[in-house]
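This is the structure I want to talk about, given as structure tokens.
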Amino acid sequence: MDAVGNCPCNPSIGGTAKGHLVREIDALGGEMGKTADECFLQSRMLNRGKGPAVHSLRAQIDRRKYSTVMKHKLELQKNLELRQAEITEIQKAEGGYELTTRMLAVFKCKTVIIATGTYLGGRIFVGEVSYESGPDGIFPASFLGQSLKELGLPLRRFKTGTPARVLKSSIDFSQLEVQKGDEPPQPFSYETESLGDNKVDCHISWTNDRTKQIIIDNINRSPLYAGKIEGVGPRYCPSFEDKIMRFKDKPRHQLFIEPCGLDTEEMYLQGMSSSLPEEVQLKFYHTIKGLENCVIMRPAYAIEYDCVDPLAMNSTLEFKDFPGLYGAGQFNGSSGYEEAAAQGLLAGINAALKVLGREPLVLDRTGSYIGTLVDDLVTKGTDEPYRMMTSRSEYRLVLRQDNADERLTPIGYRVGLIGEERYKRFLHKQELKKLELKRLKDTVISPTDEVNRLLVSRETSEITTGVRLIDLIKRPQLNYEMLKDIDRTRPQLGANIFEQVEIEVKYEGYIQKQNKQVEQMRKLENKLLLPDSDYTQINGLRLEAQEKLNRIKPMNIGQASRISGVSPADISVLLIWFAQNK
């Protein structure tokens with residue numbers, strides 16, 4: 001139970017696209033955002049220099065406190081028992097499944113969610129040393145994998161890793177670039193009113209030619225390059241030695257030095273995961289500015305583990321051939337806390353809905369990043385640990401992190417995770433936003449000297465007649481904050497309302513265009529396909545398309561269009577067949 005909410009890698013929550021997931025989890029009624037806010041050390045909004053579609057919140061958190069707070073919330077949750085036991089066997093039984101523990105206790109369940117993280121068949125690699133283990137030295141799930149294979153789940157082997165933790169007092173911070181948090185820091189949860197001040201600074205350093213040379217000289221000692229690791233690693237978060245070998249032309253690489261908590265002296269070296277021997281790790285860390293005398297408290301390591309092919313699941317995260325059995329998190333082939341939490345929430349909702357005899361919840365990719373994540377996994381599959389990125393969504397301008405509540409809180413309320421009080425606050429916020437948009441359209445700014453001085457100072461043209469406030473905000477040089485001195489009727493509203501209104505005003509044309517794309521895709525999503533359709537019987541479909549469609553069994557034509565190997569011509573054939581047989 002001490003592994004509940006444990007963060008064995010980054011002492012952080014959020015980041016590019018991951019911040020979107022945390023906001024969506026919170027909007028649905030999940031706990032991740034609230035707990036991250038309670039344990040925050042420093043908060044920063046990433047990609048501020050780019051458009052609002054890719055703005056992503058990232059917070060350094062107190063790693064141990066996060067685990068303690070999350071575990072305690074579970075212990076206090078009504079109708080939930082938190083039990084420590086190693087499940088060694090899952091068998092089909094009448095009305096569901098029987099789970100056997102290592103102590104030979106048996107649990108009879110209607111629905112089961114497998115969320116084994118990197119523990120399933122976990123094996124640690126540090127140079128020539130290799131042994132069975134889960135992350136942070138916790139014992140692995142060594143027997144369950146065989147039972148899942150016997151059950152018929154298609155397992156495969158992935159790999160990930162983590163950097164070393166070093167002693168704070170052994171770092172020369174005077175040699176490092178300081179990275180401060182935003183003021184005021186923004187919370188993840190829509191229910192958190194204020195975070196207070198940032199509590200810590202992070203720091204930046206760079207590798208150099210000496211660092212690179214040590215890696216190259218010792219690359220044969222990396223289990224990754226010595227052929228000892230079978231699992232496929234994450235392309236977008238490679239080990240440091242892999243980064244050096246793949247990008248030999250780069251003179252240096254950036255690393256971030258981040259605190260693990262307020263009550264520990266451990267510092268995390270973001271961007272420096274490795275599976276090289278400990279003495280080699282120490283040698284290349286010592287070539288880096290500020291780390292010349294650093295002391296390793298925990299060495300970096302790689303971990304290899306078993307996971308499932310997500311193509312075996314449908315969009316509810318239920319296995320197609322095993323009703324009542326669900327997968328979530330890294331077991332599904334994804335990577336990262338936020339991706340895991342999003343899937344855990346969706347799998348949990350659907351497992352509960354199934355027991356209650358209610359319709360399942362499917363989140364589509366036009367309405368959320370969670371829907372995009374799940375759709376990618378169950379439709380396209382993944383050959384490496386899947387990581388969420390804003391570029392994975394075709395609809396990112398309407399799937400912003402600022403409007404996650406608008407998109408998902410009604411769904412959270414419908415399934416029972418959002419209470420009446422919170423839902424009323426949400427509806428009130430929507431009403432305030434609607435009134436503010438009306439005010440901007442109705443308010444006319446007269447061409448006074450004060451107004452024109454402000455406009456000229458912001459390098460935009462003067463006005464000679466009255467102009468609606470909404471048209472001034474649309475100007476790229478202006479925003480709400482700049483206009484506050486001439487906006488005499490501006491109400492006292494939350495920062496999130498002003499943010500949403502300003503984005504919708506400035507990007508109105510682009511948002512309308514994207515909403516039309518969403519409508520077109522939803523038309524295809526509404527063309528539902530039967531799970532027992534035999535695509536070999538449809539004339540005109542190519543052989544590859546027949547094979548892929550029969551294997552994946554898409555829920556609708558929109559999903560079918562995203563399957564690798566199914567061409568636009570195949571979709572045209574499907575649409576004709578659908579019209580004839582719907």
Spatial distance of atom CZ (Arg63) from atom OG1 (Thr68) [nearest 0.5 Å]: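 It comes to 11.0 Å.
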From CA spacing to verdict: side-chain contact (heavy atoms from CB on, under 4.5 Å), Gln330, Phe158: CA-CA 9 Å; Gln330 285 186 267; Phe158 275 1; over 6 Å; no
Check: Leu529 main-chain N/O paired with Asn556 side-chain donor or acceptor under 3.5 Å: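 No.
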Within 6.0 angstrom of Asn539 CG, more than 12 heavy atoms from elsewhere: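 Atom CG in Asn539 is not packed in, count stays at 12 or less.
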Aromatic Tyr369 / basic Arg396 pairing, under 6.0 angstrom, 45° off normal: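 No; the conditions do not both hold, so Arg396 does not lie above the ring face of Tyr369.
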Asp532 atom CG, neighbour heavy-atom count above 12 within 6.0 Å: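 Above 12, so yes.
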salt_bridge(Asp26, Arg422) N-O dist < 4.0 Å: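 A salt bridge links Asp26 with Arg422.
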Residues Glu38, Lys73: salt bridge by 4.0 Å N-O rule: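 Answer for the salt bridge query: yes.
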Basic-acidic side-chain contact under 4.0 Å: Glu421, Arg425: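 Arg425 and Glu421: salt-bridged.
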side-chain hydrogen bond (donor to acceptor under 3.5 Å, both in side chains) between Ser315 and Gln559, worked out: CA-CA 10 Å; Ser315 296; Gln559 197 177 55; 2.8 Å; yes
Distance in Å, Tyr395 OH paired with Leu399 CG, rounded so as to fall on 0.5 Å steps: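 These two atoms lie 9.0 Å from each other.
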Inter-residue atom distance Tyr326.OH - Asn332.CG, 0.5 Å rounding: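 One finds 13.0 Å between OH of Tyr326 and CG of Asn332.
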Heavy-atom donor-acceptor pair, Lys548 side chain to Ser564 backbone, under 3.5 Å: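 Checking the backbone N and O of Ser564 against the side chain of Lys548, a donor-acceptor pair under 3.5 Å is found.
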Steps toward side-chain contact (heavy atoms from CB on, under 4.5 Å) verdict (Phe331, Asp306): CA-CA 7 Å; Phe331 177 71; Asp306 288 333; over 6 Å; no
Candidate pair Cys109 and Leu99, rule side-chain contact (heavy atoms from CB on, under 4.5 Å), full reasoning: CA-CA 8 Å; Cys109 311; Leu99 278 59; 4.2 Å; yes
Whether Lys92 side chain and Glu98 backbone form a donor-acceptor pair below 3.5 Å: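 No; judged by distance alone, with no hydrogens or angles, the pair does not exist.
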Any donor-acceptor N/O pair, His20 side chain to Ala53 backbone, under 3.5 Å: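 Present.
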Any donor-acceptor N/O pair, Ser572 side chain to Pro568 backbone, under 3.5 Å: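 Judged by distance alone, yes, a pair lies under 3.5 Å.
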Pairwise distance OG(Ser67) to CE(Met1) - rounded to 0.5 angstrom: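 Atom-to-atom, Ser67:OG and Met1:CE are 11.0 Å apart.
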Criterion salt bridge (Lys or Arg N to Asp or Glu O under 4.0 Å) on Asp309 and Arg551, from CA distance to verdict: CA-CA 12 Å; Asp309 183 348; Arg551 180 187 170 199; 3.1 Å; yes
Close side-chain approach of Tyr386 and Leu373, heavy atoms under 4.5 Å: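 The answer is yes, as the side chains (C-beta and beyond) meet within the 4.5 Å cut-off.
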Residue pair Glu519 / Asn515, side-chain donor-acceptor N/O under 3.5 Å: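 The criterion, which ignores hydrogens and geometry beyond distance, is not satisfied for Asn515 and Glu519.
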Salt bridge (Lys or Arg N to Asp or Glu O under 4.0 Å) assessment of Arg365 paired with Glu394: CA-CA 8 Å; Arg365 66 188 299 120; Glu394 311 93 308; 3.1 Å; yes
Over all atoms of both residues, closest heavy-atom pair of Ile503 and Pro52: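 Scanning both residues completely, I find the closest heavy atoms to be CD1-CB, 3.6 Å.
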Glu431, CD atom: more than 12 neighbouring heavy atoms under 6.0 Å: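 Yes, enclosed.
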Side-chain H-bond candidate by donor/acceptor type, Gln546 with Glu544, under 3.5 Å: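 Absent: no donor and acceptor within the cut-off.
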Minimum heavy-atom distance Val112-Tyr97, with the two atoms named: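 In terms of heavy atoms, the two residues are closest at CG2-CB, 4.0 Å.
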Tyr190 six-ring face occupied by Arg23 cation (under 6.0 Å, within 45°):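 Because its charged atom sits under 6.0 Å from the ring centre and within 45° of the axis, Arg23 does stack over Tyr190.
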Salt bridge (Lys or Arg N to Asp or Glu O under 4.0 Å) assessment of Asp136 paired with Arg298: CA-CA 9 Å; Asp136 272 349; Arg298 306 188 200 210; 3.6 Å; yes
pair Val378-Leu311: side-chain heavy atoms closer than 4.5 Å: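 With C-beta onward as the side chain, the pair stays apart.
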Distance-minimising heavy-atom pair for Ile370 and Ala342: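 Taking every non-hydrogen atom into account, CG1-CB, 3.9 Å.
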Cationic N near anionic O, under 4.0 Å, Lys429 to Glu406: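 No, no charged N to carboxylate O under 4.0 Å.
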Derivation of the side-chain contact (heavy atoms from CB on, under 4.5 Å) call for Ile87 and Thr100: CA-CA 6 Å; Ile87 302 298; Thr100 305; over 6 Å; no
Gln514 side chain to Leu397 backbone, donor-acceptor under 3.5 Å: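 At least one qualifying donor-acceptor pair exists.
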Short side-chain to backbone donor-acceptor contact, Arg358 and Lys354, under 3.5 Å: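 No, because the side chain of Arg358 does not come within donor-acceptor range (under 3.5 Å) of the backbone of Lys354.
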Ionic contact status for Arg58 with Glu258, cut-off 4.0 Å: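 A salt bridge is present here (some side-chain N lies under 4.0 Å from a carboxylate O).
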Separation between CD of Glu338 and OG of Ser12, rounded to the nearest 0.5 Å: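 One finds 7.0 Å between CD of Glu338 and OG of Ser12.
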Expected output: side-chain Asp37 to main-chain Phe188 donor-acceptor under 3.5 Å: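 The answer is yes, because a donor-acceptor pair under 3.5 Å joins these two groups.
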Side chain Asn350, main chain Thr316, donor-acceptor under 3.5 Å: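 Yes; at least one donor-acceptor contact below 3.5 Å.
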Close side-chain approach of Glu318 to Thr111, heavy-atom, < 4.5 Å: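 With C-beta onward as the side chain, the pair stays apart.
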Note, Tyr301 side chain near Ser133 side chain (heavy atom, < 4.5 Å):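 The answer is no, as the side chains (C-beta and beyond) never meet within the 4.5 Å cut-off.
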Min side-chain heavy-atom separation Phe125-Lys228 under 4.5 Å: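 Touching, per the 4.5 Å side-chain cut-off.
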Heavy-atom neighbours of Arg156 CZ exceed 12 at 6.0 Å: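 Enclosed.
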Ser130/Arg123 under side-chain hydrogen bond (donor to acceptor under 3.5 Å, both in side chains): CA gap, chis, key distance, verdict: CA-CA 7 Å; Ser130 169; Arg123 176 168 285 275; 2.9 Å; yes
Full working for side-chain hydrogen bond (donor to acceptor under 3.5 Å, both in side chains) between Arg522 and Thr366: CA-CA 8 Å; Arg522 284 206 165 131; Thr366 61; 3.0 Å; yes
Lys/Arg N to Asp/Glu carboxylate O, Arg387 vs Glu339, below 4.0 Å: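 Salt bridge absent between Arg387 and Glu339.
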With Met555, the side chain to side chain contact (heavy atoms under 4.5 Å, CB included) member among Asp375, Asp364, Val362, Thr379: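 The side chain to side chain contact (heavy atoms under 4.5 Å, CB included) with Met555 is passed solely by Val362 among Asp375, Asp364, Val362, Thr379.
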Asp62 side-chain N/O to Cys39 backbone N/O, donor-acceptor pair under 3.5 Å: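 Pair absent, no side-chain N/O of Asp62 close to backbone of Cys39.
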For the student: nearest non-hydrogen atoms of Asp570 and Leu541, plus distance: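 In this case the closest contact between Asp570 and Leu541 is O-CD2, 3.5 Å.
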Note: Lys71-Glu75 ion pair, threshold 4.0 Å (strictly below):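 Between Glu75 and Lys71 there is a salt bridge, with a charged N closer than 4.0 Å to a carboxylate O.
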From CA spacing to verdict: side-chain hydrogen bond (donor to acceptor under 3.5 Å, both in side chains), Ser239, Asp242: CA-CA 5 Å; Ser239 66; Asp242 201 22; 4.9 Å; no
Interatomic distance, Ile303 atom CD1 to Thr162 atom OG1 [nearest 0.5 angstrom]: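 If I round to the nearest 0.5 Å, the distance is 10.0 Å.
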